Protein chains: 2
Amino acid sequence: MSKTEHNPAYGKHDRGFSVMFAALGDPTRLAIFDRLADGKPRSISALSDDADMTRQAVTKHLRVLETAGLVQSQKVGRESQYAFCPEQLAQARAYLDQVAGRWESALMRLKTFVEGDQD
Amino acid sequence: MSKTEHNPAYGKHDRGFSVMFAALGDPTRLAIFDRLADGKPRSISALSDDADMTRQAVTKHLRVLETAGLVQSQKVGRESQYAFCPEQLAQARAYLDQVAGRWESALMRLKTFVEGDQD
DNA sequence: GTTAAATGCAACCAGGAGGTTGCGTTATGT
DNA sequence: ACATAACGCAACCTCCTGGTTGCATTTAAC
């Protein structure tokens, strides 16, 4: 039984969030994601026009975003249209809200404890 | 003038968010971050006890989290205590809320347009 | 004072990431 | 029908990541 088995805090219960964060952890992918948030699907070529790199590099980034569930593609004739996909983002936001909430609760308990001590 | 200079959507105005997302884009770092959200600072050794890897590997991850502004360290005797740091997370949450809001606004405009068409 | 704990540093290694190039296929425009 | 646009695939290359090991230093415990 490895350490992580009796203490499941590490590497488990990740629920894919690290994949999603990793997908946004590259400036190019973050910018593509940001761009698609306006709701307009775009082709690879259209997205490549805005990027300072080849179409194939942009395609690689789109694949990472798609695997993470942040965008989805649809073939329209010879074009692949990529669109913003909100579900995974919503889950990640909820997770970060929960993490922040845990910290804030801990901070509150500390303040109550310190103030109780000073009564 | 490169393409990104006349169209600043890519690689600019990132404001460090990709660094932060990259920091959380590894299962080990995400777990460490999650662990520290309970508000209790911990030493490298304490965090290593929970990890299925060497202390030096954990130290590397803590350095990445610290560089991203997600944790902060304080030397206490021979120990480096690492604590949760909420500011950068708050900014990232605000950014993701804003991105989601943009998409929702676009969706709303589309629905209004479609419903207007059907009147 | 000695031993142990905790840490930092540097070198090493394998694999992956992030880009490019070349080429073939399919769909669209003329 | 032909030219062009858009795309997919694969191979390549450089650099970085994520881990380990070895060793030295500092601090704490006994």
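Only heavy atoms go into these numbers, but all of them, side chains included; no hydrogens, no water, no symmetry mates. Keep in mind the model is a prediction, meaning the values are calculated, not measured. Just so it is clear: chains get the letters A, B, ... in the order the sequence lines come, proteins before strands, and each one is counted from 1.
Straight-line distance from the CG atom of A/Leu24 to the P atom of C/dA17: 16 Å, rounded to whole Å. Going from atom CD of B/Gln56 over to atom P of C/dC9 covers 12 Å, rounded to whole Å. The distance from atom CZ of A/Arg55 to atom P of C/dG22 is 14 Å, rounded to the nearest whole Å. Nucleotide C/dC12 holds its P atom 13 Å from the NZ atom of B/Lys60, rounded to whole Å. Taking atom CZ of A/Arg29 as the reference point, atom C1' of C/dG19 lies 12 Å away to the nearest angstrom.
Looking at B/Arg63, its side chain has no donor and acceptor atom pair within 3.5 Å of the base of C/dG8.
With A/Tyr82 as reference, A/Glu66 is the one residue of A/Gln72, A/Glu66, A/Arg42 to meet the side chain to side chain contact (heavy atoms under 4.5 Å, CB included) rule.
Nearest approach of A/Leu24 to A/Leu30, heavy atoms of both residues: O-CB, 3.8 Å. Nearest heavy-atom pair across A/Ala100 and B/Arg93 is CB-NH1, 3.1 Å.
Looking only at atom types and distance, the side chain of B/Gln81 has a donor-acceptor partner in the side chain of B/Glu79 under 3.5 Å away. Side-chain contact, A/Gln74 with A/Ser80: no donor N or O sits under 3.5 Å from an acceptor N or O.
Relative orientation of the B/Phe17 and B/Tyr95 rings is parallel, given thresholds of 30° and 60° on the angle between their planes.
Using a 4.0 Å cutoff to heavy atoms of chain B, the contacted part of DNA chain D runs 5' to 3' from D/dG18 to D/dA28.
Residues from residues 71-83 of chain A placing a heavy atom under 4.0 Å of any atom in DNA chain D, listed by number, are A/Arg78, A/Glu79, A/Ser80.
At least one donor-acceptor pair under 3.5 Å links the side chain of B/Arg29 to the backbone N or O of B/Ala22.
Under the salt bridge (charged side-chain N to carboxylate O under 4.0 Å, His left out) criterion, B/Arg102 pairs with A/Asp34, not counting sequence neighbours.
Two residues, B/Ala57 and A/Ser45, neighbour DNA chain D, and the one matched to the more 5' nucleotide by heavy-atom proximity is A/Ser45.
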